[in-house]
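As structure tokens, the structure follows; a few thoughts come after it.
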Amino acid sequence: MRPLTDEECKTFFEKLSVYIGRNITALLERDDEPYCFRLQNDRVYYVSEAILKKAMSFGRDGIASVGTCFGKFSRGGKFRLHITALDYLAQHATYKVWVKPNGEMPYLYGNHVLKAHLGRITEDTPEHQGVVVYSMADIPLGFGVTARSTQAARKLDPSSICVYHQTDVGEYLRDEENLL
Amino acid sequence: MPGPLKTTDDIVAQGPPATDLAALGLAPETPAKTLSAAVTKPVPVSVDVGNMVAFDDNVIYPEQYVADGFIKQLARDATQALVNAIFSLPRRTASQAAGQFGEGAPCVFLPAGTTRLPRAMPLPSQKLMTRWEKFAQAKGIKKQKKDRTEYDPVSRKWVPRTGYKGNVIPKDQIASDWIVEVPDGALPGKDGRDAGDALRAAPKAAKKANVEKNKMQQRRNVEESMAMRAGSNPRLIRQQQVAARLNRVKSSTASLGVFDEQLAGEDKVKPKGKKREFASNSDLSGDRDRLRSMAHKVATGEGMPHTTGWKAQQKKRELNVTKAVKAVHQDSDRANTLRREIDQTERESSLRAKKRARR
């Protein structure tokens with residue numbers, strides 16, 4: 001376990017800022033308890049400093065996971081967000097998409113969000129913007145990238161794609177072995 | 001200078017000339033009669049005839065300087081002094097040099113200039129000695145110049161060593177190696193050539209090797225002189241280069257040099273890679289500050305290239321007016337062509353209908 005290098009930090013925060021914009025600072029300046037990011041086996045964990053202090057006494061092989069895993073660095077040096085980061089993304093997301101109840105299941109099986117299933121969308125969402133997907137009851141389901149801006153989406157026919165699927169909570173079942 | 005020069009005979013006899021200035025076109029605009037050719041100054045005007053320059057070192061008072069025509073007067077006096085000096089030089093009649101003034105025109109040869117002028121070019125840098133030059137100096141070996149000619153015992157003449165009519169035997173007349181002595185027990189070469197061929201080829205190979213050696217030495221001399229000029233020790237640099245190369249060679253094995261056999265008496269060269277360095281895991285406050293500043297940077301786009309991140313996204317969202325105008329124009333163009341095509345087809349179909357009606 002080690003802190004992120006400046007280069008890693010930059011890559012990671014830039015990826016985060018696609019979904020939560022300027023709110024990345026809010027993750028580090030919390031009122032309750034200080035939190036930080038740590039790298040362990042190419043994965044970035046969001047850990048409270050109290051837990052970190054305890055975990056520091058273990059070696060790399062002795063730690064399976066600590067805190068919340070946000071995602072992993074690929075071998076090419078890019079960062080890939082995992083569904084485990086959804087809780088924090090959902091709290092701070094700048095652009096949101098709500099899916100109708102009849103669209104929840106298709107989305108949770110890994111399909112894109114269609115116009116027909118689009119319940120609501122944040123006003124002025126641009127094209128290719130990272131968004132968090134919620135059910136109509138405000139339960140976060142996953143995140144993705146908009147295929148069209150809010151205005152362009154209004155004119156779309158019901159069967160065309162509005163939001164490209166990236167992750168969904170169904171991965172906890174489908175992709176369990178890769179999550180950790 | 002326009003017009004023929006006047007002879008200087010009488011000038012030398014009587015002192016400075018009185019009327020020559022007008023003839024030379026150098027006379028001031030003021031009437032020449034009032035001006036004397038003799039220039040008298042408290043400090044005599046110093047003249048450098050070689051560079052054709054005159055210097056007036058007399059003190060100039062401000063009120064004089066302001067006065068009208070003073071500078072002109074100064075210039076005239078100095079020029080007069082220079083001309084006087086030129087005319088006081090021994091006169092010669094040149095046949096060729098003064099072509100444009102006609103043969104026998106008087107002329108003077110200017111002496112070498114006395115004013116020291118600055119160099120146009122920087123001083124040439126000192127050439128560093130080659131290894132041989134250093135050795136020769138230490139041993140007191142002096143370069144002996146060969147005579148250009150040499151005695152040829154065959155023709156019993158002194159002939160040039162090289163070049164035209166030189167003592168160079170044409171290539172096709174070289175007969176020295178048409179027969180070579182093969183030592184006892186010499187075996188034919190592997191490539192099927194006999195021992196004689198190999199013997200004949202030996203001098204050529206030796207010459208080639210010598211050229212290579214010379215080239216290497218030249219290169220070494222250049223490298224060493226460069227190092228010396230840069231103020232470093234060439235021997236030390238060479239040692240470092242060898243060590244670096246050895247290090248690279250040793251680490252170029254499958255195990256990156258870890259399991260290589262150590263040779264007897266060999267220095268232990270440990271292949272070194274770049275060591276990664278990370279911030280301390282336990283320095284929580286320092287890490288906090290670093291993360292926060294980094295997050296702030298990414299969030300605001302400060303000190304970041306705007307290719308990715310928040311700022312870049314904002315930039316992407318701004319309306320590109322040029323692009324938008326172009327898109328609108330293209331759309332209208334497309335619409336116009338479409339309309340024209342529709343009109344055309346409509347016209348044709350109506351014509352056809354009319355024709356059909358006529359039938």
Side-chain angles (χ1 to χ4, degrees), chain A residues 1-30 33-40 44 46-60 63 66 78-79 92 94-95 124-130 145 149, chain B residues 251 254-256 258 272-335 338:
Chain A
M1 191 164 48
R2 63 170 175 83
L4 280 76
T5 64
D6 283 354
E7 194 57 34
E8 285 165 345
C9 234
K10 193 175 152 239
T11 318
F12 172 53
F13 284 151
E14 276 176 355
K15 181 48 81 71
L16 269 186
S17 72
V18 171
Y19 300 91
I20 60 175
R22 286 158 188 263
N23 290 337
I24 37 176
T25 46
L27 288 174
L28 296 162
E29 287 158 15
R30 288 166 61 126
E33 212 185 336
Y35 269 68
C36 64
F37 290 103
R38 280 291 181 275
L39 193 91
Q40 154 84 1
V44 175
Y46 185 53
V47 208
S48 83
E49 287 186 3
I51 293 175
L52 177 68
K53 272 180 196 161
K54 293 187 176 88
M56 261 191 285
S57 51
F58 296 97
R60 192 187 302 161
I63 298 175
V66 57
K78 286 178 183 165
F79 187 77
H92 300 290
T94 41
Y95 293 97
D124 295 334
T125 308
E127 207 178 357
H128 309 314
Q129 166 66 43
V145 164
S149 64
Chain B
S251 57
S255 69
L256 303 179
V258 175
K272 278 177 233 158
K274 206 178 175 190
K275 196 92 178 162
R276 294 192 303 170
E277 273 185 34
F278 300 116
S280 162
N281 203 15
S282 53
D283 177 21
L284 291 175
S285 64
D287 184 50
R288 211 177 295 153
D289 294 342
R290 200 171 58 90
L291 279 179
R292 277 179 194 178
S293 75
M294 208 65 196
H296 184 75
K297 261 190 200 169
V298 173
T300 56
E302 271 172 30
M304 292 282 206
H306 299 149
T307 47
T308 52
W310 180 250
K311 193 90 176 180
Q313 284 179 31
Q314 294 288 14
K315 190 119 187 113
K316 229 188 272 173
R317 268 165 220 162
E318 282 168 15
L319 181 68
N320 187 340
V321 180
T322 332
K323 226 175 173 180
V325 168
K326 211 186 271 175
V328 168
H329 276 296
Q330 277 175 354
D331 268 1
S332 65
D333 280 352
R334 238 173 269 147
L338 203 66

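Chain A is the first sequence line, chain B the second, and so forth, proteins listed ahead of strands; every chain is numbered from 1. On a predicted model such as this, the values are computed, not experimentally measured, just so you know.
- To the nearest 0.5 Å, atoms CG (A/Leu52) and OG (B/Ser282) are separated by 9.0 Å.
- With rounding to the nearest 0.5 Å, the separation of SG in A/Cys9 from CG in B/Leu291 is 4.5 Å.
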Please evaluate residues B/Arg276 and A/Thr5 with respect to the criterion side-chain contact (heavy atoms from CB on, under 4.5 Å), reporting the C-alpha separation (whole Å), side-chain torsions for both, the decisive distance (0.1 Å), and the verdict. CA-CA 10 Å; B/Arg276 294 192 303 170; A/Thr5 64; over 6 Å; no
Between A/Thr25 and B/Arg292, is a side-chain contact (heavy atoms from CB on, under 4.5 Å) present by the stated rule, with each step listed? CA-CA 7 Å; A/Thr25 46; B/Arg292 277 179 194 178; over 6 Å; no
Run the side-chain contact (heavy atoms from CB on, under 4.5 Å) test on B/Thr300 and A/Arg22 for me, step by step, so that the C-alpha distance in whole Å, both residues' side-chain angles and the decisive distance to 0.1 Å come before the verdict. CA-CA 7 Å; B/Thr300 56; A/Arg22 286 158 188 263; 4.2 Å; yes
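- With values rounded to the nearest 0.5 angstrom, A/Glu8 atom CD is found 6.5 Å from B/Phe278 atom CZ.
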Evaluate side-chain contact (heavy atoms from CB on, under 4.5 Å) for B/Val298 paired with A/Phe12, printing each intermediate quantity in order. CA-CA 10 Å; B/Val298 173; A/Phe12 172 53; over 6 Å; no
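- B/Ser280 approaches A/Pro3 most closely through the heavy-atom pair O-CG, 3.4 Å.
- The shortest side-chain heavy-atom distance between A/Glu49 and B/Arg288 falls under the 4.5 Å cut-off.
- Pairing each heavy atom of B/Ala295 with each of A/Leu28, the nearest pair is CB-CD1, 3.7 Å.
- Between the side chain of B/Asn281 and the backbone N or O of A/Met56, no donor-acceptor pair lies under 3.5 Å.
- Checking side-chain atoms of B/Arg290 against main-chain N and O of A/Leu4 turns up a donor-acceptor pair under 3.5 Å.
- Contacts of A/Lys15 with chain B are absent, with no heavy-atom separation under 4.5 Å from either backbone or side chain.
- Rounded to the nearest 0.5 Å, atoms CD (A/Glu29) and NE2 (B/His296) are 9.5 Å apart.
- Residue contact with chain B, scored on non-hydrogen atoms closer than 4.5 Å, involves the backbone and the side chain of A/Asp6 alike.
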Are B/Asp287 and A/Arg2 close enough, and set up right, to give a salt bridge (charged side-chain N to carboxylate O under 4.0 Å, His left out), and what steps lead you there? CA-CA 11 Å; B/Asp287 184 50; A/Arg2 63 170 175 83; over 6 Å; no
